[in-house]
Amino acid sequence: MSSLLFAERVAVEPEVTPSAGQDRWEGAWPRSREEFSRFVDVFQDRLVWFAFRKLGNRSEAEEVVQEVFLRAYRHQEERGNVARVSSYLYRMASNACNDVLRKRGRAALPLSLSMAENIADPRAQADENAAALDELQRIETLLAHLPRRQAEAMRLRILDELSFAEIAEVLHCSLGTAKSRFRHGLRKLRAILELEREK
Amino acid sequence: MNCRAVRKHLVDLLDVACDTQEHEALMAHLHACPQCTEEFATMKRAMEGVRPKHRIGASPALKEIVMKEVLESAASVGSAGRTSRRARLWRPLFAAPLAAALLLAASFGYWLIQSGGKEPLSAFGVLGRAAHAMQGLKSVHIEAQMRTIPGDNFELILLDQDMVPIELWRGFGEPPQWRVETSGRVVVCDGNTSLLWIKKSNVASEAPPTAGHIGWLAPLMDVEHILDSELQLAQEQGSTVTVEEVTGPDGSRELLVSVEALAQGDYTNDWLLNKSISDSDNLRVYRLDADTMWLKGLQVYVHTDAEDVLVFETVNIEYNAELPSTLFALELPDDVSWYDSQGETAVPAQVQKLTPEETARAFIEACGREDWNTVQVFYPVAPIPQHFKEALGGIQLVSLGTPFQSGQFPGWFVPYEIRLKNGEVKKHNLTVRNDNAAGIYQVDGGI
């Protein structure tokens, strides 16, 4: 019964995303400087985290996000018809991160290896960065067992806290496919975690 | 809701945004069902297993820098010739060996290149120099590779395919001539006519030089204007252009012109997304000799959610070699079939009214009946090739789906399921379009 009590306590609450209390941007592409200022407030932490986990380096992550915001501002009129601003912004950030990886010349390196190098970066020795990198490395090791698309859906939902609708747009797939990738990924992850516990 | 239905939808309880009605129904079930409750608890525990406890956020300086740049950007519009350098947070992001790279929004109407200690150079000037330097060209021969199928058109890219070798020749005399060839397809233009031959299916097509036989490769045939074309596209489509001066592998000075472009169509249905360069978010990197301004190379990457995929790259570019006139002529087999979508054959009145779905049905059923005269109304190839008859004669239509559009393609895609003569069931999308002389929907692909 004890497991049931525990399960009931956990289960009856739907998912509570840690950042659920933070602002989300539900409006159209920002059209004035004031709107843009709030736009930056809403997205800056989320995008820096997104870029950081892809690049494993905080300064590069901030550079990328800076660039993404400036592109967003410069092309605000052309992007006026973008249906969901958040997913479009994540795609821009993803592309910008890929550029950085390509220019580093090690885009093909597993993320865990890239991170291992960055831990040696003096700037990344700061406790906060190092702790985040350590943790990301552990998470990536687990996700590496999943098919690539399922792992990416898991990252976007759990690490970046995107909704399934946003994930579908970032990954260019239907809502059902996004949920399905997540569901299958989660099932595999459960099995992996159980194996880890048994070791 | 029974347990099976609930478990299928438990993932909805793990979404960020909650649909109250659906969640209430699910939670009501969970309260009453220990097994589903345990299942959901296990899912949440698995999520917790990969949820980071430490997160990195933006530094306090980020917003300040962004907003400062925004103000400066607004002030600099129209002030051509002014150099603007991005404030950097910690250190220069890319340390180019020779010079700084400036990111320049083409929509501002000016680009700049700045070289260490030198006067800034207008990118319009760079492009002008490139076009001028190329004006004396007699010929160019490009060896390249493209991620596609050897026999398919020069537009299609398939990210999971191997690279296919491709060769292009262009003579700059009057009239201009060219030839583009892979192992499965060749196009020659003698200056007046473009002749396409699909080798394996032995189908040919003759059309004006502007007919689009060479697809996305057309700009490479205008190598002297290629950067000019990119500038125009950047202004029309909002691509972003970076010009960077670097040291080449042989120590020479090179200019890298990088064009970041977004997919240019409507991808509500994403069937066409990433199936051609213009149907993808892509990066095109041109490498120019900084002294002669001649194009030394081109690479094209498609951005996907997971990675960047190299889909086209030049292997070698040779200028001003003697090109024999035989290169721009094509000897076709005697039994070649001809494709003519612009033919003026009489079309029955009822065909003119057919919708894309009705066209697909009529075409597939005509194949099934082996009624090749009717097939030719929708697939204007004469004679119908024998391999086509063998493959499609006797097929059975299983089902048709709802037609859809995707990307920039002007026609429709009709999902279909057919049973082949050997019993195998095949599902695909038939491509139909009606921008032809007869104005009826004709089959353009997906067979």
Side-chain angles (χ1 to χ4, degrees), chain A residues 3-4 6-8 10-12 14-15 17 20 33 36-37 40 44-45 48-49 52 58-60 62-63 65-66 69-71 73-75 78 94-95 98 102-103 107 123 128-129 131-132 135-136 139 142-143 148 152 154 158-159 161-164 170-172 179 182-183 186 189-190 193, chain B residues 11-18 23 27 30-31 34 37-38 40-47 49-59 62-63 65-67 69-71 73-74 86 88-91 93-94 103 105 107-108 238 240 260 267 270 273-274 281 283 301 303 305-308:
Chain A
S3 65
L4 178 60
F6 170 70
E8 208 164 48
V10 175
V12 181
E15 164 69 0
T17 299
R33 205 168 298 152
F36 190 76
S37 171
V40 174
Q44 59 175 350
D45 284 342
V48 166
W49 167 247
F52 176 78
R58 185 176 190 156
S59 59
E60 286 183 334
E62 295 226 1
E63 286 279 356
V65 173
Q66 187 185 350
F69 277 134
L70 290 173
R71 282 190 203 180
Y73 183 79
R74 285 170 178 163
H75 298 283
E78 295 149 35
S94 177
N95 290 341
N98 288 336
R102 188 176 48 255
K103 292 210 177 190
R123 210 171 277 282
E128 186 186 28
N129 292 12
E135 205 173 17
L136 275 177
I139 292 168
L142 289 169
L143 294 178
R148 190 167 52 86
E152 190 58 17
M154 300 278 288
I158 303 173
L159 304 187
E161 300 177 348
L162 297 193
S163 68
F164 289 124
V170 172
L171 299 184
H172 296 295
K179 287 182 185 178
F182 178 82
R183 188 167 56 236
L186 195 61
L189 181 66
R190 280 163 61 177
L193 288 171
Chain B
V11 71
D12 293 336
L13 286 178
L14 301 175
D15 204 350
V16 172
C18 298
H23 282 212
M27 284 194 287
L30 290 182
H31 278 297
T37 299
E38 174 60 23
F40 184 52
T42 313
M43 289 169 81
K44 289 194 76 171
R45 281 199 293 272
M47 272 183 83
V50 290
R51 195 189 306 276
K53 294 173 183 62
H54 302 88
R55 283 172 188 271
I56 298 296
S59 68
L62 179 69
K63 184 180 178 188
I65 290 171
V66 168
M67 296 311 292
E69 286 285 321
V70 162
L71 285 172
S73 292
R86 169 94 19 87
R88 301 217 174 261
L89 279 176
W90 303 112
R91 59 181 175 74
L93 183 54
F94 311 122
L103 192 76
S107 55
F108 283 0
T240 308
E260 276 286 359
Y267 302 95
D270 65 1
L273 188 67
N274 293 343
D281 291 352
L283 169 67
Y301 295 84
H303 300 308
D305 51 86
E307 59 188 340
D308 287 354

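What's counted below: heavy atoms across the whole structure, side chains too, no hydrogens, waters or symmetry copies. Everything numeric here is computed off the predicted structure, so don't read it as measured data. We name chains A, B, ... by the order of the sequence lines, and we start the count at 1 in each one.
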Checklist outcome for this item: For A:Trp49 and B:His54 the tightest heavy-atom approach is CH2-O, 3.6 Å
Item to check | Non-hydrogen atoms of A:Leu159 and B:Pro52 that approach each other most closely | outcome: CD2-CD, 3.3 Å
Checklist outcome for this item: Between the CZ atom in A:Phe182 and the CG atom in B:Asp15, the distance rounded to the nearest 0.5 Å is 9.0 Å
Checklist entry - Side chain, backbone, both or neither: which part of A:Leu171 has a non-hydrogen atom closer than 4.5 Å to chain B? => result both
Checklist entry - Is chain B contacted by the side chain of A:Ile158, its backbone, both, or neither, given a heavy-atom distance below 4.5 Å? => result both
Next on the checklist: For B:Leu273, which atoms come within 4.5 Å of any heavy atom of chain A: side chain, backbone, both, or neither?
Outcome noted: side chain
Checklist entry - Is there side-chain contact between A:Tyr73 and B:Val66, with at least one heavy-atom pair below 4.5 Å? => result no
Checklist entry - Mind checking whether B:Val11 and A:Leu186 have side chains closer than 4.5 Å, heavy atoms only? => result no
Next on the checklist: Could you measure the distance from the CZ atom of B:Arg55 to the CZ atom of A:Phe52? Nearest 0.5 Å is fine.
Outcome noted: 12.0 Å
Checklist entry - If you round to the nearest 0.5 Å, how far is CG of B:Leu62 from CD of A:Gln66? => result 6.5 Å
Checklist entry - Is chain B contacted by the side chain of A:Ser37, its backbone, both, or neither, given a heavy-atom distance below 4.5 Å? => result both
Checklist entry - Which pair of non-hydrogen atoms, one from A:Leu189 and one from B:Ala46, has the smallest distance, and what is that distance? => result CD2-O, 3.4 Å
Next on the checklist: Nearest 0.5 angstrom please: A:Arg190 CZ to B:Lys44 NZ, how far?
Outcome noted: 14.0 Å
Checklist entry - Where on A:Gln44 is there a heavy atom nearer than 4.5 Å to chain B: the side chain, the backbone, both, or neither? => result both
Next on the checklist: Restricting to non-hydrogen atoms, name the atom on B:Gly49 and the atom on A:Leu193 that form the minimum distance, rounded to 0.1 Å.
Outcome noted: CA-CD1, 4.2 Å
Checklist outcome for this item: Honestly, the part of B:Tyr301 sitting under 4.5 Å from a heavy atom of chain A is side chain
